[in-house]
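These notes are about the structure you will find just below.
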Amino acid sequence: MDKNYSLSSMMRTGAFRFNPVLVQCVALCPVVAATQNLKDAFFIALAVFAHILVSSFAASLMLRKVSRPVRVAVYLILGLLLICPVLWLIEFKTLINLSFTMRVFLPLVAINSATAVHCETFAVKNDVRTAVYDALAAGTGIGIVMIICGALREIIGSGSILGRTLNFKFTLPAMAMPAGCLVLLGFGAAALQAFTAKRTAEKPARKETSAQPEEIELEVDGDFEPEQVDLDLTIENDDEYAYLLSSVNELIDSFTNKDEEGDEE
Amino acid sequence: MADARNGQTAKSTKIYGDYLLMLAAPCALSIWYYGAAALRTLAVCVLTAFVCDFVAGIIVNKQYYAADLSGICTGIIIAMMLPADVPVYIGMTAVSFAILAAKIPFGGGMRTPFVPAAAGFAFAAVCFKEQIFTYGSGRAFMKSVSLGSSLVSGNTVRLTASNFLDILTGNIYGPMGTTCVIAMLGCVVFLVIRRRQSLIPSAGFLGACLLVSLIFPRSEGSVISCAIMELCSGSLLFAAVFMLTNPATMPVHRANKVVYGVFTGIVCMTMRKLGAFEEPVCFAVLIANAFSPLLDMLTDRARIIVSTRQKAREVKANG
């Protein structure tokens, strides 16, 4: 198996560096609408995790040769088959009291965009184990964001955690509303981007002291046409990836600086 | 890069310097009417704005420029829209949200897509509705009732010379610095001299508000009295002068500026009639801000399509 598709590497990239919610901006609806408190956030995260895992497994195992419209319908049916019985079990066979929001949004998890994106862009193009790893990473990434958002919104918005009052002098009910969650997600995305940028900038600098990674050759087919370039890149390991990313960032920065200077003129 | 930044700061200083000059009148009047309470609220908001700006600058690795007056301006605008005796933490929360969530993440100064003061006030209004719309101490001609709340309950005021003068001078219950009509008219005159173009959205906004209040009066008395009360109540005039004239958030094209103002006015009056808040002008401004770039984009596309068709026609005609 390819080294880049190891579980740890995929967890690092899928759950953190390219977090589905904070970077790819998918599954925003359940995060914003259904994570008003920690308990709801936990259940919704669990549902999303299970749905994405089962759908990715099925997509990779059985749906490769099926046309895309049929595949998307299958994801929906799979989601409903998975979530409706669980919802019924929770409501009628346990003592867990689900809120009204959860009763609305839990079945809607069956049509969340994260599942469709991950199944369509990854699972149907890769083997079962890789697809399951990707689903685990994506589900973990979404779950972590949901649980953090749920906890923060409950603490700041209602002054309680898991229903227990924390006796704050004042609370900010706006944070328990969807707008407040979007603000939190914005700050979360900024923090993640800053963290990733710092890590990416640090890696090539550390390499300078040891062995430099080999230069990556960009093979350009035919005459150089900036809009029609076919790049053939083979990235062997994480270090090469980081080096390439930092080079591209530098290139983009240089262009941006030129643009700004041009604007000024 | 440095020159560009200096250019931005100079532009920001010029525009927000004008705003600070204009804000001097409402500030002085609020201190005259409400005394130490107004001064305390004002000081808290300005200090919070300065601290948030400074700290956020450190966090995002951006040097703080004292000449960039946008933060201070935001602090004063929010203070003017609050009741004089509002608890300190409410002013601090509103200003912190304005600076940290609506200004700094977008680059600050002339780059903000939303008016930070409107965002801060809207956030505080959602969080502390009771405290924000309950007006306490000060001179008043109606006991504990602002013009906005009497309109909400469907009452109107019979306009006599004395109470009309009270409305003009701001001697009524309401936010501490937004009720004086004469001060607002003075600010409009200042803007006419300094930046005439920026008043286009305000004209559209006030025109739309006047029209809606004449067609759908909220009280059963005289339609004219009701329209005057609508225009003079709450922060409507204040928002027209200090929020809709913000060059960072208004559209570029002149026709779009009118549409932007009219849209804000219609949304504001609809929310006043049907919404849960006594003064929803900040929400209306934020909604209009969201559509402002779209208006310009649509206009630009329409212009490109028209010019392309014209060129195609010319080419066809020339053979």
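Here is how names work: the chains are called A, B, and so on, in the same order as the sequence lines, proteins then strands, and each is numbered from 1.
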*Mind ranking B:Tyr89, B:Phe123, B:Phe128 by heavy-atom pairs under 4.5 Å with chain A and telling me who comes out on top?*
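It is B:Tyr89.
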*Please look at A:Ala174 and chain B and tell me whether the side chain, the backbone, both or neither of the residue comes under 4.5 angstrom of a heavy atom of that chain.*
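Both parts, heavy atoms under 4.5 Å.
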_Any residue meeting salt bridge (charged side-chain N to carboxylate O under 4.0 Å, His left out) with A:Arg153, in chain and number order, not counting sequence neighbours_ =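 Salt bridge (charged side-chain N to carboxylate O under 4.0 Å, His left out) check on A:Arg153 returns nothing, list empty.
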*Is the side chain of B:Thr178 donor-acceptor paired with the backbone N or O of B:Gly234 at a distance under 3.5 Å, no angle test?*
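Yes; at least one donor-acceptor contact below 3.5 Å.
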*Tabulate, in ascending numerical order, the residues of residues 105-113 of chain A having at least one heavy atom closer than 4.5 Å to a heavy atom of chain B, or enter 'none'.*
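Against chain B, none of the residues of residues 105-113 of chain A fall inside the cut-off of heavy atoms under 4.5 Å.
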*Between B:Glu278 and B:Arg272, is there a side-chain N and carboxylate O pair less than 4.0 Å apart?*
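No, this pair does not count.
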*Should the heavy atoms of other residues, nucleotides or ligands under 6.0 Å from CZ of A:Phe187 be counted, would the total exceed 12?*
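Check passes, neighbour count above 12.
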Report, one line per pair, each donor and acceptor closer than 3.5 Å where one atom sits in a side chain of residues 97-106 of chain B; sequence neighbours left out.
unit_1	atom_1	unit_2	atom_2	d
B:Lys103	NZ	B:Asp53	OD1	2.9
B:Lys103	NZ	B:Asp53	OD2	2.9
B:Lys103	NZ	B:Ser70	OG	3.2

*Taking the six-membered ring for Trp, are B:Phe242 and B:Phe238 parallel (under 30°), tilted (30 to 60°) or perpendicular (over 60°)?*
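Aromatic pair B:Phe242/B:Phe238 classed tilted.
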*Can you name the residues that form a side chain to side chain donor-acceptor pair (under 3.5 Å) with B:Thr299, not counting sequence neighbours?*
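With neighbours one apart ignored, the set is B:Asn256.
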